[in-house]
Amino acid sequence: MSSATSLFGNYARSDLEFDRGHGVWLETSDGRRYLDCGSGIAVNALGHCHPHLVEAVKAQAEKLWHVSNLHRIPEQEELGARLTAATFADKVLFCNSGAEAMEAAIKAARRYFYDRGQPDRYQIITFEGAFHGRTLGTIAAGGQAKYLEGFGPKAPGFDQVAAGDLDALKQVMGPHTAAFAIEPIQGEGGIREIPTEFLRQLRQICDETGCLLIFDEIQTGIGRTGKLFAHEWAGVSPDLMAVAKGLGGGFPVGACLATEEVAASLVPGTHGTTFGGNPMAMAVGLAVLDVVLAEGFLEEVQTKGLSFKQKLAGLVDTHPDIFEQVRGRGLLLGIKCKVPAGEFVGAARAEGLLAVPAGDNVVRILPPLTITEAEIADAAARLDRAAARMEEELAGKGAA
Ligand SMILES: *Cc1c(COP(=O)(O)O)cnc(C)c1O
């Protein structure tokens, strides 16, 4: 047994210790198997140890790991070309995490106006329930008091309004407004879908005022909703987009995507990263896209997502004291609970299934995109047993 006492206590960790993974399954050192419907929080998009990713890592590890961004990195150019070919974007900047991708988007947006002689245009408007990361900049962007508390003054230039509230938005807008940043579906906030109409309205306001639209697709992207990016469902394109999580399939990779015009503001010296976009990370990103962009893969995510969502809806019907509602799209699903979501996650774990709690008392169900129909049925059966387990507990409390 290793000791956890050497670590910062910033996580309330379970005491599960996994030492291997295969597909949707994680296995502890003593041989217990868990069906992973958390995917390391939407990271293991292709499950654990996907053979194509393992092969890509091994091949790259024997060739070249890291060179600095002072030199050309062909693997980076190739992944950039594939991302731009598949999206609204003309340019890509690579980094190592979601928060860094958002920071890059925020900096690019502000610098864009600075370059146009409008340095006072720095305000970024974001939306209640948002999550954009844990750096000082991105906790200010997210605006949630629980993440800001105790960390000194909130970085200026960020204001939050309720998603969907156009009047509130117009009230905080002014000559300082540079951009809006929004997750097409709030992940951490509880799998809350932003209505398509509101995304369209934001795009229209941006087109009228010259403001920039930033999509945070760190959780929703790389096929999670059954499209490469969730905003494709709404038919609304951003000017900047933050991507991470699934892009590396478990290897830390982030990216900020932008139109040519906006990307042009980050000239040499304005921004940088030591590790971002190194050959090792790029090899994995390329391998992830090989699979996600293969013909038929995203359609399958859509089909499997519908099937899983139907099964979850069935569970809401059979366990009305435990569950309230099913949310989400593709394999970015959530169950709003009547019992504390954290307790349900514990009951699911006791049935050998891993899920992730979110805001708004929601349990997130984010399996690898490679999950099979049989595994979806298995997952639903485990969730059913977990709900029955909680009903027994409730009955026990009622009788006591
Ligand atoms: C996870 C997440 C982030 C932060 O990503 P990190 O890699 O943890 O920095 C930002 N935005 C959204 C929507 C996320 O889901």
Side-chain angles (χ1 to χ4, degrees), residues 8 10-11 37-45 93-109 124 126-144 146-148 151 155 158 160 163 179-194 199 213-225 227-231 238 240-257 273 275-277 281 284-285 288 327-334 355-360 362-367 369:
F8 271 38
N10 62 323
Y11 283 104
C37 284
S39 301
I41 319 191
V43 166
N44 303 104
L93 178 148
F94 289 102
C95 53
N96 314 289
S97 68
E100 281 176 280
M102 271 308 289
E103 288 272 345
I106 292 162
K107 285 178 73 176
I124 314 280
T126 63
F127 298 90
E128 286 167 12
F131 181 78
H132 296 301
R134 298 290 207 136
T135 60
L136 289 170
T138 54
I139 56 177
Q144 296 203 40
K146 63 179 174 181
Y147 296 138
L148 285 159
F151 297 117
F158 297 94
Q160 287 78 38
F180 304 96
I182 192 163
E183 301 154 82
I185 301 175
Q186 290 185 342
E188 181 92 10
I191 313 296
R192 299 199 297 181
E193 287 195 62
I194 304 299
L199 295 178
L213 186 57
I214 303 171
F215 283 157
D216 179 344
E217 290 242 27
I218 292 163
Q219 190 156 160
T220 51
I222 313 296
R224 182 53 51 192
T225 68
K227 296 272 191 195
L228 186 58
F229 291 103
H231 70 262
L240 282 153
M241 177 165 73
V243 182
K245 292 202 163 98
L247 180 57
F251 199 92
V253 189
C256 173
L257 278 66
T273 155
F275 292 116
V284 188
V288 168
R327 297 173 176 179
R329 211 183 253 273
L331 291 169
L332 181 70
L333 296 169
V356 187
D360 205 21
V362 163
V363 172
R364 273 179 283 183
I365 305 289
L366 321 162
L369 308 181

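In listed order, ligands and their atoms are each counted from 1.
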For ligand 1, run through the N/O pairs with the protein that fall under 3.5 Å and put one pair on each line.
unit_1, atom_1, unit_2, atom_2, d
ligand 1, 7 (O), Gly98, N, 2.8
ligand 1, 9 (O), Gly98, N, 3.4
ligand 1, 9 (O), Ala99, N, 2.7
ligand 1, 11 (N), Phe131, O, 3.1
ligand 1, 11 (N), Asp216, OD1, 3.4
ligand 1, 11 (N), Asp216, OD2, 2.7
ligand 1, 15 (O), Gln219, NE2, 2.7
ligand 1, 15 (O), Lys245, NZ, 2.6

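- With sequence neighbours left out, Arg327 forms a side-chain hydrogen bond (donor to acceptor under 3.5 Å, both in side chains) with Gln325, Asp360.
- Within the 3.5 Å criterion, the main-chain N or O of Ala230 finds no donor-acceptor partner in the side chain of Thr220.
- Ion pairing between Arg192 and Glu183 fails under the 4.0 Å rule for side-chain N and carboxylate O.
- Although no hydrogens or angles enter the test, the distance criterion places no donor-acceptor pair under 3.5 Å between the side chain of Glu128 and the main chain of Ala163.
- Judged purely by atom type and a 3.5 angstrom limit, Arg364 has no side-chain atom pairing as donor or acceptor with the backbone of Leu332.
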*Test side chain to side chain donor-acceptor pair (under 3.5 Å) on Thr138 and Glu103 and set out the steps.*
CA-CA 7 Å; Thr138 54; Glu103 288 272 345; 4.6 Å; no
